There are 2 protein chains.
Amino acid sequence: MSEKKAVVLVSGGLDSTTALAIARSEGFACYTISFDYGQRMRAELLAAERAAKALGSVEHKVIDLDLRSIGGSALTDDKIDVPEHATQGVPVTYVPARNTVFLSIALGWAEVLGADDIFIGVNAVDYSGYPDCRPDYIAAYEKMANLATRAGTEGHTLSIRTPLIDLTKAEIVQRGLSLGVDYGLTVSCYQADDDGRACGLCDSCRLRKVGFEQAGVIDPTRYR
Amino acid sequence: MSEKKAVVLVSGGLDSTTALAIARSEGFACYTISFDYGQRMRAELLAAERAAKALGSVEHKVIDLDLRSIGGSALTDDKIDVPEHATQGVPVTYVPARNTVFLSIALGWAEVLGADDIFIGVNAVDYSGYPDCRPDYIAAYEKMANLATRAGTEGHTLSIRTPLIDLTKAEIVQRGLSLGVDYGLTVSCYQADDDGRACGLCDSCRLRKVGFEQAGVIDPTRYR
C-alpha cells in the first residue's frame, strides 16, 4: 500500500518542525519545502534541512525566491531593524504576503506530486500579529486553492492542514516532544547567527522561551 | 494630486499588455512585474520590459523564481513537448498554480507600495483550459488576499482586476488598439525563439492569430 503524500512547509523553526512530525505521525510520506527568500537568517535554511532529514522527509526542496527586491520587512530589508521588545499591531518582521507566496509554491509542487494535503505550522494563539496566520485566512486560501488547480476538475479536494493553529506554544512543545522531536535541531530566532545561535531577545525568541518554560521542559536553544 | 498605484502582472504577451494599457487609461500609476521562472521562452521577459516601458510603467520588476525545480509543465520542463495541435482538458502547458504564485508575489509588492489594485490579464473566453483563469478562482483569490494582508485590518480593500476576463481575443485586440497598444512589441508564442519570433503553431499562437483575424486588423506578429 502506497503512503499518501503531503507537502510540508518547513522553516527550521519550532512550529513547522512540529507540524512535520504530526504529518509523519498521521502516516504521510512528507515532501518538505523551504524558501531561500533573502532572509537575514541563513541558519534557518540549514536547520530546516537538518530537521526535515531527522524526521524522514522523502525529498527536501529549497526554492530560490528573491523577496528582498520587494522589501517591506525587517526580515528581508537590512535598513529595517528587528525589534528587541514587544510591539503593537502588525510588526515590522511581517513579510508582506509571505505565507501566501509560500503556500502557493507548495500548492504547485503538491499538484505535480499528486499530494492533496499541505501542512503549514501557523498558529493563532501565541502568534505575532501576522494577518496570514489567522484561521479565516487559511479557510479562504483552501477554497481558492481548490479553484486554482486541477483538483476541482478531477473530483478530489486539497486541504491546507494547520495542526498547530489552536495550540499554545507550550502545547506545541509537548506535542512535538511526545512525537520525539529534537528541538535542539531547530532555530526560531529572527536574527540567529550563522552558527544558529539565538539572540534571546526578539519576538520569536521570547515566544519560544516561554513555550519551553510553560511546558516545564528544558530549553535546548543555544543562545549566544 | 497623486495617482493611485496599481501593480500589473506583465508577461510580454498580448493579454497582459492590453491589461496594462487599460490600467493606465484608468489613471493608475502602474508598477509592472514579470517572473523569470525558468520558462522556455526567454524572449517574453524582454518583450514584457519593452511593452511596460512603452506604456509608461513607473517601475518594472523581474522576480527570479525557480519553478523549474517543481516541473510538471511543458513550459518549464524540457522533457515535455509543447503540443502543436489543439488538446482536450487541462493542457500540458499549464504551469501548476502559476497564476496563484504570481498573484501572491504581486500581492506582497502591492502591500509594500500601498497599492490596492492588482491587474492580471486572465481571460475566460478564448482561454486555454487553465483552471486559474476562471472568474470564480479570481473571486476566491481576492477574498483570500484581503485576509492575507494588512488591508483587512486597516479598513481598505484589495481588488484583483481582470479587465479582459469576459472579452474575446478579437475584442481584446480592438480594445488595445483603441488605447494605442503596439502589438508588434508583444510575444505570445509558447516557444518563441530568442529573437521573439513565433512558431505560429502552438495554442497561444493559434488564439492570437484568430484574434487579429476576427478583429479585422493586420497581425504584426513576426513568425519564423
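Values below: every heavy atom of this structure, side chains too, minus hydrogens, waters and symmetry copies. Below, chain A is the first sequence line, B the second, and so on; all start at residue 1. Fair warning: this is a prediction, and the values are worked out from it, not measured in the lab.
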| field | Closest contact, heavy atoms only, A:R50 versus A:L185 | value |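 Minimum heavy-atom separation between A:R50 and A:L185: NH2-O, 2.9 Å.
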| message | Over 60° means perpendicular and under 30° means parallel, so tell me whether B:Y31 and B:W109 are parallel, tilted or perpendicular. | response |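 Perpendicular, since the angle between the ring planes exceeds 60°.
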| query | Which distance, rounded to the nearest 0.5 Å, do you find between the CZ of A:R24 and the OG1 of A:T32? | reply |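 Rounded to the nearest 0.5 Å, the CZ-OG1 separation comes to 10.5 Å.
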Taking the side chain as everything from C-beta on, heavy atoms only, tell me whether [X] gets closer than 4.5 Å to [Y].
X	Y	value
A:I160	A:Y137	no
B:E142	B:T157	no
B:I120	B:N99	yes

| query | Which residues in residues 10-22 of chain B have a heavy atom less than 4.5 Å from any heavy atom of chain A? | reply |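 Residues in range: none.
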| Okay, side chain of B:R150, backbone of A:P131: is any donor-acceptor separation there less than 3.5 Å? |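 No.
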| task | Answer yes or no: is there a donor N or O on one side and an acceptor on the other, between the side chain of B:Y141 and the main chain of B:D132, under 3.5 Å? | result |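 Answer holds: no.
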| task | For the pair B:E26 and B:R161, find out whether any cationic side-chain nitrogen is under 4.0 Å from an anionic carboxylate oxygen. | result |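 Yes, B:E26 and B:R161 are salt-bridged.
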| field | Residues of residues 52-65 of chain A within contact distance of chain B, non-hydrogen under 4.5 Å | value |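 The residues closer than 4.5 Å to chain B, in numerical order, are A:K61, A:I63, A:D64, A:L65.
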